Amino acid sequence: MKLSSKTLSNLPKNIIVPSYDRTKIKSRIVHLGFGAFHRAHQAVYADELAEQFGSDWGFCEVNLIGGEQQIVDLNAQGCLYSVAEMAPEGWSSRVVGVVRRAIHGEIDGINTVLEAMAEPDIAIVSITITEKGYCYQPSTGKLAENHPLIQHDIAHPQTPKSAPGLIVEALRLRRERHLPAFTVMSCDNMPENGHVTCNVILGLARIQSEELAQWIEDHVSFPSTMVDRIVPAVTPETLDKITHKLGGIIDPVGVACEPFRQWVIEDNFVNGRPEWEKVGAELVQDVLPFEEMKLRMLNGSHSFLAYLGYLAGYAHINDCMQDDNYVAAARHLMLKEQAPTLRAQDVDLVAYADSLIERYHNTALQHRTWQIAMDGTQKLPQRMLDSVRYHLKHNRNFDCLALGIAGWMRYVGGINELGQPIEVSDPHLTQLQSLVNTSKEGPERVNALLSLDLVFGNELPKNQKFVDCVTLAYMHLISYGARQSVAKLVQGF
Ligand code: NAI
Ligand code: CS2
C-alpha cells in the first residue's frame, strides 16, 4: 500500500500527520528543485507553520531538469510524502502536507510551469537546483553567457530551459499582466546566493530587454539565505527503512535526514512571506557572515573529507570519523584555516566546530563521500579558495586547504588508489577529462587543472606560493596515498 490521504490512518501512531485542513493551504510559493533537501528543509518549516500556527503558505513544486519520477510519484500520492529524522538513537517521522501541486517542465510542458509562476497568488519563487542550475561562473558569481542552456534561452526566451531563463520569462509575464512581482529566494549552498541569483537573472534579462531588466531591478528582491540540514541522497536501503517506519506503507518520495536544521534568511521580501521565525528560522538583515561560516566550516570540511575520504576508501562521512587523523584534520581545517577568515561575530566557533564533528559521526546518515565529491568545480571556490586568498594575503599557512584542493585534483584524475576508475560527476567533466588526458601525472597535471579559470580565476594560478603548496600536497598524495598524507599532515600540527 502506498502513502496517500486514504492510508494516513493506517500509519503507526507515532508518525506525525497533517491535522490541519489541507484544502486551506494555497500554492503561494513556487519551488524549483523538488530534491531531497527541499523536502526535508523548507517544506518541513512550512508544514510546522501550518500545523502549529494555521499558516496557509503551501508549495507548487517544480522540477525542470531530472527528477521526473519524483513528480509522478508525488502526484500519485496526493502530494503527500514523509520525512524521517535519523538520530543515532532512533528515528522520528512526519508526513508533510503543504504541497498543493507538482509539475515537471518536460512532462507538463514549460508553458504549464510559466503559467503556474504567473498565478496571482504566487509571492515567492524559492530554489534548490544545485549550484550548477544557476548557469553561473563560480569564480566570479556572474552569468555564464556561453552556457548552452543560456544560449538557448537567449534565442528562445518564451520557451526557456534554464532556471534563470524560466524566472525571467515568468516575471515578464507578470509584468505584462500587471501582476505584482515575486521574491526570488535561493536556498542553495553558494556565498551570497541572493546576489548570484540576482546576477544571473538580471544578466539574462538585460540581454533580452533593458526595460524588463529595469522592472525586475525595481520590483524583485533576492534575499540571501544560509541553509543547513544534512540530507543524503535517498538509497533503496533508506526507502526500505522508511517503509518499515511507516508500518509497511510505501513512500517512494520519502526522505531521511539528520535531526539538526538551521535557516538564516535575509528579511527582504517584496510580496509577503511566511512567519518562518515562529518555527525556528532566523530573519536577519545580513546573512553573509552566517553563510560564510557555514560554507567554509561545514561545506569546506565536508569537501575535504569527501575527496580525501573517497580516495582512502571511506565510503561515508561517518567512516571518515572512525579515523582519528581525519577527525583531527577536519577540526584543524575548521578552526585554524577557515575560522580566522570569517566575519561572523559573537559565534562560538569552537563549539560550532565541535557540533559539526558530532553531526558527522551520525552513523544513521550514511552520507556518501561520493555524493559530496560531485560538482567540485561548482563548490571549490566558496568552500576552499576564498579562504586560500585570505591566507595568501595575510601570509599564513593553509596546508589543510592545499591538501583538500590536491585531493580534488586526484579525484577528478578519475583513477582511485587501487587503480580502479572513479565515476566523476561534474558539469564540466569533458573539460576536466581533457585537461587530465593531455597532462602528465605530477606537477604538470596540477598546472593543467589550475588553468581552469572558472574555478581558480586568473590570479591564484599565478601565485607561486599557492602553486607550490598544492603541488607538494598533490605529490604527497601520489607518494603516500590519502590516508598517509592526512596522517602526515596531522603530525605537523
Ligand atoms: P537532489 O539531487 O536531491 O536534487 C537536486 C534538484 O535540483 C532536483 O530537483 C533537480 O531536478 C534539480 N536540478 C539539478 N540540476 C538542475 C539544473 N541544471 N537546472 C534546474 N534544476 C536542476 O539534491 P539535494 O540534496 O536536494 O540538494 C540540492 C541543493 O540543495 C544542493 O546542491 C545544495 O545547494 C542545497 N543543499 C543541500 C543540502 C543537503 O544536505 N542535501 C543541505 C543544504 C543545502
Ligand atoms: C554537502 C552539502 O553535498 C554537499 O556538497 O556538503 O549538501 C551538505 O550536506 C549541506 O550543506 C548541509 O547543510
Side-chain angles (χ1 to χ4, degrees), residues 31-44 61-71 74 102-107 110 113 126-136 138 144 147-150 152-153 160-167 186-191 193 196-197 200 225-235 238 253 255-258 260-264 290-291 293-307 309 316-317 330 355-356 359-360 362 365 367-376 378-380 382-384 408 425-427:
H31 183 80
L32 307 182
F34 184 68
F37 176 57
H38 165 72
R39 275 177 268 165
H41 192 269
Q42 301 93 53
V44 169
E61 304 289 356
V62 175
N63 271 345
L64 280 183
I65 296 178
E68 290 83 352
Q69 194 57 44
Q70 255 116 47
I71 297 295
L74 184 62
I103 49 183
H104 196 289
E106 278 165 24
I107 302 173
I110 206 65
V113 178
S126 56
I127 322 179
T128 53
I129 51 174
T130 78
E131 298 86 337
K132 60 185 171 293
Y134 292 77
C135 309
Y136 81 122
H147 192 293
L149 293 181
I150 297 299
H152 170 276
D153 293 356
K161 290 194 169 167
S162 74
L166 179 79
I167 296 171
S186 166
C187 294
D188 274 297
N189 279 328
M190 299 176 300
N193 50 12
V196 171
T197 312
V200 294
T225 64
M226 179 269 242
V227 286
D228 191 6
R229 176 167 240 186
I230 297 175
V231 191
V234 179
T235 61
T238 324
V253 196
V255 69
C257 58
E258 65 172 340
F260 180 89
R261 69 175 197 211
Q262 190 177 7
W263 197 3
V264 188
F290 297 93
E291 273 190 310
M293 176 183 85
K294 191 255 172 175
L295 281 170
R296 295 185 191 173
M297 289 187 62
L298 190 161
N299 298 111
S301 64
H302 242 184
S303 287
F304 176 93
L305 292 170
Y307 296 120
H316 305 104
I317 291 292
S355 72
L356 296 179
R359 287 164 65 192
Y360 295 171
N362 186 339
L365 278 178
H367 198 185
R368 288 176 72 195
T369 45
W370 180 84
Q371 186 192 350
I372 300 164
M374 69 165 63
D375 294 353
Q378 312 291 296
K379 295 176 176 176
L380 238 46
Q382 63 271 29
R383 296 183 180 204
M384 296 191 182
W408 170 75
S425 175
D426 194 285

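Numbers for residues simply follow the sequence, beginning at 1. Indexing begins at 1, ligand by ligand and atom by atom, following the structure's order. All figures in this text were calculated on a predicted structure; none of them were measured in a lab.
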Heavy-atom nearest neighbour in the protein, as seen from [atom], with distance rounded to 0.1 Å:
atom: atom 28 (C) of ligand 1; answer: Thr130 CG2, 3.9 Å
atom: atom 27 (O) of ligand 1; answer: Phe37 CB, 3.8 Å
atom: atom 13 (N) of ligand 1; answer: Ile129 O, 3.6 Å
atom: atom 8 (C) of ligand 1; answer: Asn63 OD1, 4.0 Å
atom: atom 7 (O) of ligand 2; answer: Asn189 ND2, 3.8 Å
atom: atom 11 (O) of ligand 2; answer: Lys294 NZ, 2.6 Å
atom: atom 1 (C) of ligand 2; answer: His302 ND1, 3.4 Å
atom: atom 4 (O) of ligand 1; answer: Gly35 CA, 3.3 Å
atom: atom 2 (C) of ligand 2; answer: Asn299 ND2, 3.5 Å

Is any side-chain heavy atom of [Y] closer than 4.5 Å to one of [X]?
X: Ile129; Y: Leu64; result: no
X: Lys379; Y: Trp408; result: no
X: Ile167; Y: Ile127; result: yes
X: Asn193; Y: Tyr134; result: no
X: His41; Y: Thr128; result: no
X: Arg359; Y: Asp228; result: yes

Provide the number and element of each atom of ligand 1 under 4.0 Å from a heavy atom of [X].
X: Thr128; result: 6 (C), 7 (O)
X: Val227; result: 44 (C)
X: Gly33; result: 9 (O)
X: Glu131; result: 32 (O)
X: Gly133; result: 17 (C), 18 (N), 19 (N)
X: Gly66; result: 11 (O)
X: Ile230; result: 40 (O)

Does any N/O atom on [X] come nearer than 3.5 Å to any N/O atom on ligand 1?
X: His367; value: no
X: Ile65; value: yes
X: His38; value: no
X: Arg229; value: yes
X: Phe34; value: yes

As an exercise, state the distance from OG1 of Thr197 to CG of Asp188, rounded to the nearest 0.5 Å.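 Spacing of OG1 (Thr197) from CG (Asp188) equals 8.0 Å.
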Where [X] and [Y] come nearest, the two heavy atoms and their spacing:
X: Pro427; Y: Asp375; answer: CD-OD1, 3.3 Å
X: Leu32; Y: Ala163; answer: CD1-CB, 4.5 Å
X: Gly67; Y: Asn63; answer: O-ND2, 3.0 Å
X: His104; Y: Gly66; answer: NE2-O, 2.8 Å
X: Ser303; Y: Arg383; answer: OG-NH1, 3.0 Å

Would you say Arg383 and ligand 2 have an N/O pair spaced under 3.5 Å apart?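 Yes, Arg383 has an N/O under 3.5 Å of an N/O on ligand 2.
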Kindly confirm or rule out an N or O of His367 lying under 3.5 angstrom from an N or O of ligand 2.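 Looking only at distances, the answer is no, because the N/O contact criterion of under 3.5 Å is not met.
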Kindly state whether the ring of Tyr360 and the ring of His367 have centres lying under 6.0 angstrom apart.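 No, the ring centres sit 6.0 Å or more apart.
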Consider only side-chain N and O atoms of Ser162 and His152, and report whether a donor and an acceptor are under 3.5 Å apart.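 Judged by distance alone, the side chains do not pair up.
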Tell me which one of Ile71, Asp188, Val255 gets a heavy atom nearest to atom 30 (O) of ligand 1.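 Residue with the shortest heavy-atom distance to the ligand atom: Asp188.
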Per atom 3 (O) of ligand 2, closest listed option by heavy atom (His41, Gln262, Lys379):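 Result: the heavy atom closest to atom 3 (O) of ligand 2 is in Lys379.
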For ligand 1, is there an atom lying under 4.0 Å from some heavy atom of Ala233?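 Judged by the 4.0 Å heavy-atom criterion, Ala233 does not count as contacting ligand 1.
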Partner of His302 by side chain to side chain contact (heavy atoms under 4.5 Å, CB included), out of Leu295, Leu356, Thr369, Ile372: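 With His302 as partner, side chain to side chain contact (heavy atoms under 4.5 Å, CB included) holds for just one option, Ile372.
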Test of understanding: given a 4.0 Å heavy-atom threshold, classify the contact between Ala36 and ligand 1 as side chain, backbone, both, or neither.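 Answer for Ala36: both.
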Would the distance check show the side chain of Arg229 and the main-chain N or O of Cys257 forming a donor-acceptor pair, the cut-off being under 3.5 Å?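 Not a single qualifying donor-acceptor pair exists.
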Non-hydrogen atom of Met374 closer than 4.0 Å to ligand 2: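 No.
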Between Asp228 and ligand 2, which residue portion shows a heavy-atom distance shorter than 4.0 Å: side chain, backbone, both, or neither?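 Contact part for Asp228 vs ligand 2: both backbone and side chain.
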Asn189: which of Glu131, Gln382, Lys294 passes side chain to side chain donor-acceptor pair (under 3.5 Å):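 That would be Lys294.
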Measure from atom 41 (N) of ligand 1 to the protein's non-hydrogen atoms and state whether any distance is below 4.0 Å.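 Yes, there is one.
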